[in-house]
Protein chains: 2
Amino acid sequence: MMKYDYGKDEYKNFIVAEEKFDKERLGKCESIMYLGNGYMGLRSATEENYFNETRNLFVSGTFNKYSETEVTELPNMPDVTNMLIYIDGERFSLEFGENKEYIRTLNLKNAELERSFIWISPKGKEIKFNFRRFVSLKDLHLIGNYMQVEALNGSFDIEVTTGINSRSTNSGSQHLIEGEKRIYEKKYIQSVQKTNESGIDVVLNTATKACVNNNEIEEPTMFIDRRKVCLTYKAFVEKGKTFTLEKISNIYTSRDIDLENNELNYIREYSLNNIKGEYKKGYKKLAEENKEEWKEKVWDKYKIDIKTNNDIDILSLRFAIYHLTIMTPMHDSRMGIGSKALSGEGYKGHSFWDTEVFTLPFFIYSNQKVARSLLEYRYKGLEGARKKAKENGYEGAMYPWEAAWISDGEVTPVWGEVDIITGKRTKILTGFIEQHITANVANAIWQYYMITNDKNFMDLYGYEIIFDTAIFWNSRMEWNKEKEQFEINDVIGPDEYKEHINNNAYTNYMAYRNIKLALEYCEKLKQGEKDIYNKLNEKLNIENYIQSFKEKLEKLYLPKPNENSIIPQDDTYLSKKVIDLTKYKNQENVGSIFKDYNLEQVNEIQVSKQADIMILFYVLENLFSKDIKIANYNYYEPKTLHDSSLSLSTHCILANDLGHYDVAYDLFKKACEIDLGPNMKTSDAGVHAASLGGIWQCVIMGFAGVRMLDGKLRINPKLPKHWDGLSFNIMWKGNDLKIEIQKDIMTIENNGNQSVEIEVFDNIYKVDNKQIISL
Amino acid sequence: MMKYDYGKDEYKNFIVAEEKFDKERLGKCESIMYLGNGYMGLRSATEENYFNETRNLFVSGTFNKYSETEVTELPNMPDVTNMLIYIDGERFSLEFGENKEYIRTLNLKNAELERSFIWISPKGKEIKFNFRRFVSLKDLHLIGNYMQVEALNGSFDIEVTTGINSRSTNSGSQHLIEGEKRIYEKKYIQSVQKTNESGIDVVLNTATKACVNNNEIEEPTMFIDRRKVCLTYKAFVEKGKTFTLEKISNIYTSRDIDLENNELNYIREYSLNNIKGEYKKGYKKLAEENKEEWKEKVWDKYKIDIKTNNDIDILSLRFAIYHLTIMTPMHDSRMGIGSKALSGEGYKGHSFWDTEVFTLPFFIYSNQKVARSLLEYRYKGLEGARKKAKENGYEGAMYPWEAAWISDGEVTPVWGEVDIITGKRTKILTGFIEQHITANVANAIWQYYMITNDKNFMDLYGYEIIFDTAIFWNSRMEWNKEKEQFEINDVIGPDEYKEHINNNAYTNYMAYRNIKLALEYCEKLKQGEKDIYNKLNEKLNIENYIQSFKEKLEKLYLPKPNENSIIPQDDTYLSKKVIDLTKYKNQENVGSIFKDYNLEQVNEIQVSKQADIMILFYVLENLFSKDIKIANYNYYEPKTLHDSSLSLSTHCILANDLGHYDVAYDLFKKACEIDLGPNMKTSDAGVHAASLGGIWQCVIMGFAGVRMLDGKLRINPKLPKHWDGLSFNIMWKGNDLKIEIQKDIMTIENNGNQSVEIEVFDNIYKVDNKQIISL
């Protein structure tokens, strides 16, 4: 069904293609081929409607809570892509008649979606269809649609109805209150909405031009109904002739940061003028502009190239970069990355630790400005994090497990679906007890600082986050009288199959790390930057905590390897039942263990959803010896079902580190398949943002072995045997490094102003210009 | 496509049938075949989904306003009828494969919907389908669904998913906040909702049983998602074997008057127990119980029979009675009849003057209890009517043009859709200036009293309405100094093609009538029932108005016939332009004049949407001579486009009165065709409640010539030449009269206790037992 090496010449390994239409599996391509630019995400539902379709348009940051009983989410915005097409009085749909030469492609290079086929109507007319679509990276508000229909074997009547449809909901919940809708000059349509709780104004405009053989159809029929406004174009298309329709649309909201004025009347006028101007350029010119923008801002910027005959590896990496680009609200630091990107309703557009651990590294190394914006989102989110700490009886900043708008605080739904066995609603615990995210944010700031050397960020935002999160952990720990140690009890670690556990190794180590960072930076600031320290002390009263920080660090229980070198994942994991997991390790769909056990039972088995100790090794690599890592990898990996999309890439990197090279490559391939693979259902609710970041990490952190350790750059490459080379650029403390890895040598070119120290397999190199290193 | 004489033997002329499935014209049968019982209305969307479907379930009186910018409406309740069916892995739909022997029938006698056909799947399997459905008249909360599938030419796998789907909206507006949803014993599903503004709790329960050859499938798969909870039954059906599925559902709300307690927990428990009990009876028994109820409560009660070979006339009348039964909330006097009944979103479930003038007469003559309930709705609505008067600067009770919940007052949307020419929103004026409804209510009360002699109603409710509406009119009139007369200016009359007119004849005469009634009843009460008068005087201060009432009556301008015997419809109508209307008189769809003129232009032409002077003649028959009526009929009818469904029946009655017998019969046929006719689009938004009442009026008021005139019964029958006889029962002041009209004689049987005086063609008969009258 899916094919990935469709492209040729300049588009080789830039094309994701669907070669057969499957009405039962629409979600896959809708998601993985979605278009966007960080400002908005447009799910790639087809122009014509299908029963199982999911039409989505999300705009970053426009969170709204439909009712008090729901949690805030990104509203599904009105639709502009739908086209109701009648040919000779029959509704066009690929469910009827036959089709041939069908191909739908997402061109990653141009960021354009295209679909073409010949449709043989039930009445026998052969008609060539071509649909194109883009979401502009140049003008973040702009959507372009193009349609071309050609009469191959006979003339026909065509009728196309399209406009703005505001009946879309989020699975039935309607976030938008309908405002005015207008048609201007029988061409421009404007529709105004307002979110029902957050009160965000939303304005959409669309302009349509339909032609038969380049003669414009001047008099469409206008149709206005509740939450709907459209134009209908009718034409007679003679054999050999062509009908085309161009539709240029935009969307603006009162949350837009690029607007001079966010009053509704201003937005209406401004956006209407914008569409009039853009529309004049026409689809082709606008698509060309978008292509140029992608070249400049993406493909020329993120230069990364694998030398291999395994085309899919190249495509997968580009696919990841495409998605990392379109999922990230680079334009506005009040917004984060949703865990399903902007491609579906899944997880409601909320940000998780996925950002800091799985997608942020790409930006830290490749696009510092964006990385900073994502961390500023956490700084602005301190308001919500402080609220959450207070609500939970703690001090400092306790980051939300799920974050939405910066001041919202925790937005994880409290109640999940009904437990099918007991009939009772399950309480979702992550928002309360999956707490490691707070340390993940602090650690990410440190990483960012170490790699970018962005002192300004630290002064303005970074220290404050690290201090206030340390204050949280300080208040969070519990004293165990008996053992005379501090503990962190009743949590969920990264392995979400274990709830209400005590002393999750990852959580305890990360909390330790967080406080340690705070102490170190306190010390540093007090010595060198007293002003900044005083300001922060005034705000957070940090001086008062220092003694306590030191005690906690000294007495915090950090699980150590046992006699078999195994670090206990938590206090009870190692004493739990061991069962034969073969069946679930070979599963086709994730979560298959729940067909045999419920969560309570799974809690009592030595089985893990995802990396837990492994992610600890990855993040705090220097703390553990290779032997310990190997012993634990061998113990835990067989017990890990990789039921989270966050699991495979971490294991891939660890496997490569530990010398399991074939396993590592295999895990990389599996990680690539999470969205791009043959499973047609797993992406229905949206793409897996963390996994897409993970693909890049497999390549750069895994095979290229790039790591920042204690503030220093280390590169220990070990390419898969199927690869002949890998080249990429990273920014290191402001210096642009071009790295080219071949079988036996690595070339490092430093295009920056400063000399860069790099450790390669235990040797230290000072690279000023260019260094060739034998491997 | 539609066929109407399908029934045989006991079902002859009781069956409305669709003989061919048409995926583009689903609205017609969804509407006209809808099921209901006055408590709820279930639109007959098919079990399987189609692109153009409209799935609706409305519960009377559950009004809710989605947002401040919308008006209150009946929310579209969660759906229980949908069945997602897969045969050999392919989704079943009549859009795919082929079908034969298709027939869908609404059996009016049993109030059961049935659909059967043989489906030849794309893979060539021949499968016989049979679907049945009813909404119970016995247990007003109950819905029954039945499905049977038989393998004709080979075995197949079947998978049916069904449950409760709460994603339904009103054209995108979501009124329901989702509460808990539960599955009990893998069989019973409960879903709880709450309306987002009016706070009405809604509880649905459903119980499903699927069998292969009577062996129950015990282990369905359970599926719970946002606003969705369902069970999936899978089976292998061998050739010649049968798969059946029964689904019994109920719906309760905290607005239900039959519940002992309207606390949510009580409703949940009560309704769940109810479904468990009903489910045990099984579909067939429940359907049988429903049939019995319909026999007793409808067909044995409303005995009415036309002797004719024109089967469609008989069916049409039964169709009208079926719909009058299911549209009317007989169970609760806090609720009125929606102008689109309970069959569609059109007019949002609001009540108009349609009730008093077009549907109430049926109940006054045939079911006094229901008629009283509908008038009590207006009494309870006084709260809203007084509010409206105040808001508009008047005194007394000014009835809403559109009424919803009793305390709501006016609910007509203020803003309509955008004027396609000017681009501006049009203001809907009816809620402000179509004011005759207030007099319609008062006059209906008088009619009810005269026909039923229900003194108790008058004492408790009737007088108060008549007095308070008279007070409204008293405050409404304007003094014209020049002409020295009172006028009622700036109104819309029944003919809505004329806005902002002065002295609409119908409005002025009806206002006169209203005040006159008040004066007469004041006089009567003061003389005979001083207590009641004093109580009302205390409440309304009516005594103070009496002098003013008298002056207004004396000086109110009542348009009189001009030199050509024409009564001017309003001050300017007769001076407006006369154009050739032939094109629009022969129109296929209503409103065709708007393709050539906009409303402003239509305002300046002598053209009427509907009966205006004619309805005046019908309601106040005795005020005008036959000559005057003929002259006006001949003048106005040619200028009337019958663009309202309220127009044809009135004209039919008038035409028969005036001796245009063929025209009358022709108009009757046209009135019958409003919903039942071949136009496949006109019922999409719902059936036409007034027109359905009008069908009954054509027969009884028109051809049978029944009229209450000045409190007396008159029967001047004149049957269409195609009819050999007509028999029916009416209640006259508590006496059950059986009337049988043949070509030359009429037999009247009085089964009541009192002698009844009847005028027949100017002769007065006193009927004690039985009277045979030559015609």
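First the proteins, then the strands, lettered A, B, ... as listed; each starts at 1.
Within the 4.5 angstrom heavy-atom criterion, only side-chain atoms of A:Phe96, from C-beta onward, approach chain B. Neither the backbone nor the side chain of B:Ile189 comes within less than 4.5 Å of any heavy atom of chain A. Heavy-atom distances place no part of A:Lys194 under 4.5 Å from chain B, backbone and side chain included. B:Glu24 touches chain A through its side chain: at least one heavy atom from C-beta onward sits under 4.5 Å away, while N, CA, C and O do not. There is no contact between B:Tyr188 and chain A, counting heavy-atom distances below 4.5 Å. With a threshold of 4.5 angstrom between heavy atoms, B:Asn170 approaches chain A through its backbone and through its side chain. Proximity to chain A (any heavy atom under 4.5 Å) is shown, for B:Asn76, by neither the backbone nor the side chain.
Chain B forms the most heavy-atom pairs under 4.5 Å with one residue out of A:Glu90, A:Lys23, A:Arg91, and that residue is A:Arg91. Between chain B and the options A:Asn196, A:Leu176, A:Thr169, heavy-atom pairs under 4.5 Å are most frequent for A:Leu176.
A heavy-atom distance below 4.5 Å is not found between the side chains of B:Ser93 and A:Glu95.
Applying the side chain to side chain contact (heavy atoms under 4.5 Å, CB included) criterion to B:Ser592, with sequence neighbours excluded, gives B:Tyr584, B:Gln587. B:Arg167 is linked by a salt bridge (Lys or Arg N to Asp or Glu O under 4.0 Å) to B:Asp225, counting only residues two or more places apart in sequence or in another chain. In this view, A:Thr206 and A:Ser249 satisfy the side chain to side chain donor-acceptor pair (under 3.5 Å) rule, not counting sequence neighbours.
Minimum heavy-atom separation, B:Ser171 to A:Arg226: CB-CD, 3.8 Å.
In this structure, the side chain of B:Gln174 does not engage the main chain of A:Ser173 through any donor-acceptor pair within 3.5 Å.
Rounding to the nearest 0.5 Å gives a distance of 8.0 Å between CZ of B:Phe51 and CD of A:Glu53.
No more than 12 heavy-atom neighbours from other residues, nucleotides or ligands sit within 6.0 angstrom of NZ on B:Lys234.
For residues 63-71 of chain B, the interface with chain A (any heavy-atom pair closer than 4.5 Å) comprises B:Tyr66, B:Ser67, B:Thr69, B:Glu70, sorted by residue number.
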